[in-house]
Amino acid sequence: MQTSIRVGRIIGIPIRLHFSFLILLPLIVLVFAETPGPVGLGDFEEISTPFRYSLSAIAALLFILSLLLHELSHSYVAMKYGTKIRGITLFIFGGLAMMEDLPNEPDKEWRIAIAGPLMSFAIGGAFLFTYFGIAAVHVTIYGPLTILMFSIGLLNVVLATFNLLPAFPMDGGRVLRAFLAKRMQFLKATRRAVFVGKTFAVIMAIVGFMPDPFILFSTGDVRIPFNPWLAFVALFLYVAATEEESATITVATLEGITVRQVMRTENASVLEDLSVTELVEKMLAEKNAEYAVVNEYGEFKGFVTFSELKKLSVEQRYPLKISDVISSVDRMSDVISQGEEAIEALKRMVNTKKKVLAVEGEESGKIIGIITKRDLAMFIEMLKGRG
Ligand code: ZN
């Protein structure tokens with residue numbers, strides 16, 4: 001499902017807006033237009049509503065631009081290190097640059113991670129500097145334009161600070177891991193950084209449930225002012241930290257493992273002129289749900305899977321051959337060499353959302369087996385179990 005729309009391309013990187021952004025953007029405009037100063041335009045009842053809302057829309061645009069520049073900075077530094085950027089997606093609470101083959105070197109990792117917050121600090125600093133500069137010259141600066149300047153400045157400083165929290169997937173978490181990784185193994189460094197991140201998330205959640213000290217001391221009121229926003233961010237951080245940990249464990253576990261060790265060679269392929277009815281019998285007999293389809297010369301033609309056959313009724317299946325039902329093939333992404341690293345196969349399956357790859361022999365170029373996501377997952381579990 002498409003969850004974002006593409007809006008353009010900057011320095012060769014496709015830029016997308018996530019739907020969450022499109023839905024909440026009018027809300028940002030509304031909040032900025034109605035909130036009283038010094039962060040909103042709500043106090044300015046003397047200016048017309050359309051003008052107030054236009055200014056608010058400009059603020060929202062500057063907000064998008066700020067997020068974008070933050071992500072572009074990460075991407076720019078990463079590109080300098082030879083990383084391929086698949087795209088930048090802007091979500092409502094921040095951006096995400098999809099990078100391929102991030103360098104596994106601490107010195108590069110922390111530079112990529114710090115570039116975003118530095119850019120946000122620079123933008124925030126520029127806006128706030130201008131704001132206070134004007135304030136020094138004119139005493140009466142309380143106008144809509146200066147409010148806009150102050151808000152965008154503050155927003156960027158908050159963005160930079162929040163991103164520097166030492167918690168995955170915040171940039172600060174990556175900086176922390178990079179510094180730890182200089183002193184210890186990458187996996188150990190990740191575990192430590194993840195622990196710090198989870199601790200932060202727990203503290204944040206506790207703070208979210210704590211009574212506000214000001215209310216407590218001034219009124220003696222101990223009702224709990226549950227802060228759902230803080231709790232939501234805490235949960236998000238906790239889940240993201242856990243994901244980062246398991247992804248790193250997977251990469252570390254598969255180190256040195258090649259496709260050859262994980263692939264299935266028996267009952268892995270079928271000839272394209274077999275009938276679909278025969279194939280269903282074969283699947284039952286061999287208890288397999290995926291096959292690579294080849295022609296009589298052993299050349300790769302595509303895949304056939306039980307989940308796709310299932311969609312056809314028995315009557316529909318009856319006259320068909322496998323060649324009528326194979327999924328379209330893209331040799332570049334569907335075929336992997338048996339000498340490749342297993343982690344490469346996993347990455348490719350994640351990127352292309354495919355559950356199976358065909359494996360070719362290194363010299364013959366013929367299909368000699370398949371590698372499925374399920375087999376790979378099982379293999380990883382077994383490696384972990386071996387210790
Ligand atoms: Zn960032």
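We're numbering straight along the sequence, starting at 1. These numbers come from the heavy atoms of this one structure, side chains and all, not from hydrogens, waters or symmetry mates.
Contact detail for Leu30 and Tyr53: the closest heavy-atom pair is CD1-OH, 3.2 Å. In terms of heavy atoms, Ala268 sits closest to Ile370 at O-CG2, 3.7 Å. Across His74 and Pro117, no two heavy atoms sit closer than the pair CE1-CD, 4.0 Å. The heavy-atom pair separating Leu25 from Ala60 by the smallest distance is CD1-CB, 4.2 Å. Considering every non-hydrogen atom in both Glu272 and Lys321, the closest pair reads O-CB, 4.3 Å. Between Ile368 and Glu360, the shortest heavy-atom contact is CG1-C, 4.0 Å.
Residue Leu128 holds its CG atom at 10.5 Å from CD1 of Ile152, rounded to the nearest 0.5 Å. The CD1 atom of Ile257 sits 13.0 Å away from the CG atom of Leu346 when rounded to the nearest 0.5 Å. For the atom pair CZ (Phe121) and CG (Asn163), the distance works out to 9.5 Å, reported to the nearest 0.5 Å. Atoms CG and CE, on Leu67 and Met119 in that order, are 12.5 Å from each other to the nearest 0.5 Å. In this structure, the separation between OG on Ser333 and CZ on Arg348 is 7.0 Å, given to the nearest 0.5 Å. Rounding to the nearest 0.5 Å places OG1 of Thr265 at 10.0 Å from CD of Gln338.
The pair Lys355-Glu290 does not meet the salt-bridge criterion, since no charged nitrogen lies less than 4.0 angstrom from a carboxylate oxygen. Salt-bridge check for Asp107 with Lys182: passed, with a basic side-chain N closer than 4.0 Å to an acidic carboxylate O.
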Q.
Apply side chain to side chain donor-acceptor pair (under 3.5 Å) to residues Tyr291 and Glu286 and explain how you reach the verdict.
A. CA-CA 11 Å; Tyr291 291 90; Glu286 293 171 359; 2.7 Å; yes
Q.
Run the side chain to side chain contact (heavy atoms under 4.5 Å, CB included) test on Lys373 and Val356 for me, step by step, so that the C-alpha distance in whole Å, both residues' side-chain angles and the decisive distance to 0.1 Å come before the verdict.
A. CA-CA 6 Å; Lys373 211 169 178 178; Val356 55; over 6 Å; no
Q.
Val259 vs Glu341, test: side chain to side chain contact (heavy atoms under 4.5 Å, CB included). Steps then yes/no.
A. CA-CA 6 Å; Val259 167; Glu341 285 178 45; over 6 Å; no
Q: Could you give me the CA-CA distance, side-chain angles and deciding distance for Val29 and Phe32, then say whether side chain to side chain contact (heavy atoms under 4.5 Å, CB included) is met?
A: CA-CA 5 Å; Val29 176; Phe32 189 68; over 6 Å; no
Q: Assess whether side chain to side chain contact (heavy atoms under 4.5 Å, CB included) is satisfied between Thr130 and Thr146, documenting all intermediate values.
A: CA-CA 9 Å; Thr130 317; Thr146 46; over 6 Å; no
Q: Show the numbers, then the answer: is there a side chain to side chain donor-acceptor pair (under 3.5 Å) between His70 and Asn156?
A: CA-CA 9 Å; His70 177 107; Asn156 272 283; over 6 Å; no
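Below 30°, between 30° and 60°, or above 60°: for Tyr131 and Phe150 the angle between ring planes is between 30° and 60°, a tilted geometry.
Hydrophobic clustering of Ile, Leu, Val, Met, Phe, Trp and Tyr side chains at less than 4.5 Å, counting indirect connections, keeps Val314 apart from Leu309. Linking Ile, Leu, Val, Met, Phe, Trp and Tyr residues whenever their side-chain heavy atoms come within less than 4.5 Å leaves Met349 and Ile249 in two separate clusters. Hydrophobic clustering (ILVMFWY, side-chain heavy atoms < 4.5 Å, transitive): Ile64 and Ile11 are in one cluster. Follow the hydrophobic side-chain contacts under 4.5 Å out from Leu312 and you reach Val304 in the same cluster. Under the 4.5 Å side-chain heavy-atom criterion for ILVMFWY residues, a single connected hydrophobic cluster contains both Val359 and Phe379.
Applying the 6.0 Å contact sphere to NZ of Lys282 captures more than 12 heavy atoms from other residues, nucleotides or ligands. In Glu340, the CD atom is crowded: over 12 heavy atoms of neighbouring residues, nucleotides or ligands sit closer than 6.0 Å. Within 6.0 Å of atom CE in Met378, 12 or fewer heavy atoms from other residues, nucleotides or ligands are found, so the atom counts as exposed in its surroundings. Counting non-hydrogen atoms of other residues, nucleotides and ligands closer than 6.0 Å to CZ of Arg192 gives a total of 12 or fewer. Applying the 6.0 Å contact sphere to CZ of Arg374 captures no more than 12 heavy atoms from other residues, nucleotides or ligands. Within a 6.0 Å sphere centred on CD of Glu299, other residues, nucleotides and ligands contribute more than 12 heavy atoms.
Checking side-chain atoms of Ser56 against main-chain N and O of Ala33 turns up a donor-acceptor pair under 3.5 Å. Gln316 places a side-chain N or O within donor-acceptor distance of the main-chain N or O of Ser313, the cut-off being under 3.5 Å. Between the side chain of Thr83 and the main chain of Met79, no donor-acceptor pair closer than 3.5 Å is present. When atom types are taken as modelled, the side chain of Gln261 and the backbone of Thr258 share a donor-acceptor pair closer than 3.5 angstrom. A donor-acceptor pair under 3.5 Å is absent between the side-chain atoms of His18 and the main chain of Leu90, judged by distance alone. A donor-acceptor pair under 3.5 Å is absent between the side-chain atoms of Arg191 and the main chain of Leu187, judged by distance alone.
Looking only at side-chain heavy atoms (C-beta outward), Leu62 and Leu155 stay at 4.5 Å or farther from each other. Side-chain contact check for Val335 versus Ile367: some heavy-atom pair is nearer than 4.5 Å. Considering only heavy atoms from C-beta on, Trp110 stays 4.5 Å or farther from Arg174 through its side chain. Residues Leu271 and Asn295 form no side-chain contact, since every pair of their non-hydrogen atoms from C-beta on lies 4.5 Å or further apart. At least one side-chain heavy atom of Tyr81 sits under 4.5 Å from a side-chain heavy atom of Arg111. Counting heavy atoms from C-beta outward, Leu320 and Thr277 have side chains that stay 4.5 Å or more apart. Between Arg317 and Val280, some side-chain heavy-atom pair lies under the 4.5 Å cut-off. When side chains are defined from C-beta on, Val294 does not count as touching Lys301, because their heavy atoms never get closer than 4.5 Å.
Side-chain contact, Thr190 with Arg177: a donor N or O sits under 3.5 Å from an acceptor N or O. When only modelled atom types and interatomic distance are considered, Ser275 and Glu278 share a side-chain donor-acceptor pair under 3.5 Å. No donor-acceptor contact under 3.5 angstrom links the side chains of Thr242 and Glu245, judged on distance only.
Two rings, from Tyr297 and Phe300, have their centers 6.0 Å or more apart.
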